[in-house]
Amino acid sequence: MTAMNRNWLSAVLKRLFPPGSFGRRLLYRLRANTGKWLFTSRGKPHLPIEADIERFISWVHEQESHQIVLIMASTRLIESEGQRSTNFALELSRRGIPCIFGYWRWKKNEWYPQDRLAGGILQIPVDAIAEWPEIILRRFSNKEKIILFEFPHPSFFKVLAEAHAAGWVTIYDVIDDWGEFQRVGQAEWYEPSMERHLLHNVDAVSVVNQTLGKAVSDQGIKGAEQIPNASFPEIDKVDEDRYLKRGEITIGYFGYLAGAWFDWDLLSETAVAHPTWMFYLIGYGGDSRKKGLPPNVHLLGKRERNELASLASNWDVGMIPFKQERLASGADPIKAYEYLAMNLPVVATGISAPVGAEDLVRRVKGADAFAQAIKTAAEEGDRYLEARAAFAAENTWVQRIDQLLSMIERGGQRIAEKRALFHRVE
Amino acid sequence: MKALFIYRFLTRGGVEAVLATRLRGLKKWGIDAQAWFLFDGPGRSLFRGVLDQVHIGSTKALSHYMESKRFAIISILDTPEVFPVLNQMPHAPKFILEVHSPYSENLHYLKSLRMRRMDALFVPSQFQASVVQSRLRKKVAIRVVPNPVGEAFVGQLSNFSPMPERPIVAWLGRLDRLKNWTEFVAIAGQLTAAGSMAQYWMLGRGSEEKVAGKLFRLAQRQGILDSLRWFRGVDQEHIPRVLDAVRTSGGVVVSTSKGDSFGMTIAEAMARGCAVVVPAEGPFREFVTSGEHGFDYPLGDAAQAAQQIKQLLEKEPLRRSLGENGRTSIVARHAPQVALGVLAGELKKVYAGAE
């Protein structure tokens, strides 16, 4: 029964059976014997995954892990897309830490399959959690509970409040410049005051890079932990040979092909100017600019994670052609880490290099410099092989989860305050 | 003597907190106390340690239970649904009606109440006595029986660590019209506009589904979103720590309630040594003397409330002394050993048939 229906019913009952009347007393009696759900607002949801939720909760209580992590993600859990939230969930699962993955969906009737329950990951749409946070947030009293907000959706106002009340350690993981996303016509839901509310009222803030670190510092947040992106430990593993036609220089890209930051003009101009070079794009995300590309630019579509290393083994250079705008400068592209792990020299525009990889990523501006950098990078050969391998070894999701859990363990920012408020009184 | 307390919902509310304290403490006065709830809910944690004295079921099940246990006293707290089954009882225990609800819609039944079925009527404050009397057809004897604050609130004070970065101005209660939470947001807005560095903690959930959106928009308009920390319903067991955090931070607890039968959240805050700011009306006048235990303000006057809070935030010795006075006063009247002693005495009087 919806809230509106309940209010309507309540008003009708009040009119038919005025308070104090005999009819009202009869109604009380009926209510006492039938259950108050019929007459009062309990807002209990009926979710098609209720059985999965209950099974997961029972399973969690049997686990040795003293922690549970809820990730409020802006994406779905799709391994081939390799998003940060997905990698966090998979790494937590690998460690035996139960994880609830709150996923974004565009339609309220979309329920994605629970294909990770066996690995200890329950998937629930973030909008369902936002509407009924108590279905999840009140169910793990004997665990250390951690909630990671990966975007500042206004509906999370209630989720944050529920999480605070139930003693969850709340973290805002700042992964993008959402204000810029809105400026370029995406993230229509973005509300700057909600992001400030999150920043100032979670127990800890983490950021992916210095650019976003400075942005949150400018908002008065001190001590935000920098937890950069990383690569999947086995991203460089070639499962089988996959051959691609090679050019004089073969350049590749994988990841989201968003018009908001992907510089199609730069790519086209470079490809036209160098017709003997071959460009491959592996990725997803709709963009009309995919049509009418020069003939030496090939779209390979979306590929599984295990295919990437073999496809990239045909490339001489990994590229990140992003626009020179604030949106890209706030990003910490995961592909940079993954190219390096695959021993590819990296040429990029519009972004900062990952910390520690400043010498391994050539950052340039403009089509001429981009082409020149590709040429130079392709001639590098294995000159930086050891440096790339060392960087890759130190920058996997394993280290990132180590860092995240260590931050929580240390109790910095306001985490110790939350613990002190909610330690169990025996 | 066996006593049964009947209440509608087993939630995390103030009445349930009072009942939990009664179940824990009345044994000392030779009273075997049990509680019956018509509907289950999330309030079990309040009764940790005495769950064997808690029963849940329909009025029919209650009827069987009452018959089999032969209680000497049956006390009904704001639960008129059970009146019909009381008439059917073959033996006649003493019946007490306790009126704790401040919500007028929950008090309509008083108009049709036939007091001859009741042996006594208890309320937790003089203010509530006047509210109840005004709704009864005839003048009846109403006994004011003080509420006990929980043992965890009167226990030794301990500093909260780590020290919160900014003083906490806290508000606890249900986010509804009666508790007048919007006035607290307005007060917080006034304080922020006046340059206060305080943070605002609101503890409670709303009865309306849209309260979250309303709070967000109001807090946004008042410019307090950055400093507002909303806890959507904290279990009672954690409230003493919250109040310790408020006190240690140099903060204040505020009520903006337009209707309380007792003012439990303020009594609990005082028990933890917090300075308080309350409306100059309702039950607060019975235990908060302005300038001695805290300050009061005319309900609706957010500016004056903000001024009183500001004064307390800025004057540490004043805040400390008001907090200490408040604690001494509340412990003297509402510590479990005191308030339950009064309740036990009243129950025994009713059982003995004394007026």
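First the proteins, then the strands, lettered A, B, ... as listed; each starts at 1. FYI, side chains are in, hydrogens and waters are out, and symmetry mates aren't considered; it's all heavy atoms of this structure.
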As a quick check of understanding, evaluate salt bridge (Lys or Arg N to Asp or Glu O under 4.0 Å) for E237(B) and R48(B), giving each step before the final call. CA-CA 10 Å; E237(B) 69 174 303; R48(B) 194 170 289 146; 3.1 Å; yes
Considering only heavy atoms, which portion of R419(A) lies under 4.5 Å from any heavy atom of chain B: side chain, backbone, both, or neither?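 Neither the backbone nor the side chain of R419(A) comes within 4.5 Å of chain B.
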So if I take each residue of residues 144-159 of chain A and look for any heavy atom under 4.5 Å from a heavy atom in chain B, which residues do I end up with? F157(A), K158(A)
Sort by residue number and list every residue of residues 165-174 of chain A having at least one heavy atom under 4.5 Å from chain B. A165(A)
SG (C274(B)) and CZ (F153(B)) are apart, to the nearest 0.5 Å, by 10.5 Å
In Å and rounded to the nearest 0.5 Å, what is the CG to CZ distance from D235(B) to R138(A)?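 Rounded to the nearest 0.5 Å, the CG-CZ separation comes to 6.0 Å.
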Just to be sure I understand the criterion: a residue of residues 195-203 of chain B counts if one of its heavy atoms is under 4.5 Å from a heavy atom of chain A. Which ones qualify?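 Within residues 195-203 of chain B, the residues that come under 4.5 Å of chain A (heavy atoms only) are Q199(B), W201(B).
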With a 4.5 Å cut-off on heavy-atom pairs, point out which of Q219(A), M194(A), E131(A) contacts chain B the most. M194(A)
Counting heavy-atom pairs under 4.5 Å with chain B, which one of P133(A), G411(A), G220(A), A416(A) comes out on top? A416(A)
Salt bridge or not for [X] and [Y], using N-O below 4.0 Å?
{"X": "R8(B)", "Y": "E81(B)", "value": "yes"}
{"X": "R247(B)", "Y": "D244(B)", "value": "yes"}
{"X": "K222(A)", "Y": "E165(B)", "value": "no"}

Looking only at side-chain N and O atoms, does D78(B) offer a donor or acceptor that is under 3.5 Å from a partner on Y103(B)? no
Please walk me through it: do H200(A) and I221(A) pass side chain to side chain contact (heavy atoms under 4.5 Å, CB included)? CA-CA 7 Å; H200(A) 287 274; I221(A) 305 302; 3.8 Å; yes
Let's go through T11(B) and E16(B) carefully: what are the C-alpha distance in whole Å and the side-chain angles of both, what is the deciding distance for side-chain hydrogen bond (donor to acceptor under 3.5 Å, both in side chains) to 0.1 Å, and is it a yes or a no? CA-CA 7 Å; T11(B) 58; E16(B) 290 90 332; 2.5 Å; yes
Proximal component of S45(B), with respect to chain A [non-hydrogen, under 4.5 Å]: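 Answer is neither: S45(B) stays 4.5 Å or more from chain A.
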Can you confirm whether or not the ring centre of F5(B) sits under 6.0 Å from the ring centre of W36(B)? no
Aromatic ring pairing W178(A)/W189(A), orientation class (parallel under 30°, perpendicular over 60°, tilted between):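 Aromatic pair W178(A)/W189(A) classed tilted.
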Scan the side chains in residues 218-233 of chain B for donor-acceptor partners under 3.5 Å anywhere in the protein, sequence neighbours excluded, and list what turns up.
{"unit_1": "Q220(B)", "atom_1": "NE2", "unit_2": "E191(A)", "atom_2": "OE2", "d": "3.1"}
{"unit_1": "Q220(B)", "atom_1": "NE2", "unit_2": "S193(A)", "atom_2": "OG", "d": "2.6"}
{"unit_1": "S227(B)", "atom_1": "OG", "unit_2": "I224(B)", "atom_2": "O", "d": "3.4"}
{"unit_1": "R229(B)", "atom_1": "NH1", "unit_2": "D203(A)", "atom_2": "OD1", "d": "3.3"}
{"unit_1": "R229(B)", "atom_1": "NH2", "unit_2": "N201(A)", "atom_2": "O", "d": "2.7"}
{"unit_1": "R229(B)", "atom_1": "NH2", "unit_2": "V202(A)", "atom_2": "O", "d": "3.4"}
{"unit_1": "R229(B)", "atom_1": "NH2", "unit_2": "D203(A)", "atom_2": "OD1", "d": "3.3"}
{"unit_1": "W230(B)", "atom_1": "NE1", "unit_2": "G204(B)", "atom_2": "O", "d": "2.8"}
{"unit_1": "R232(B)", "atom_1": "NH1", "unit_2": "E134(A)", "atom_2": "OE1", "d": "3.2"}
{"unit_1": "R232(B)", "atom_1": "NH1", "unit_2": "E162(A)", "atom_2": "OE1", "d": "2.3"}

Can Q182(A) and E188(A) be said to form a side-chain hydrogen bond (donor to acceptor under 3.5 Å, both in side chains), step by step? CA-CA 6 Å; Q182(A) 191 185 51; E188(A) 284 173 7; over 6 Å; no
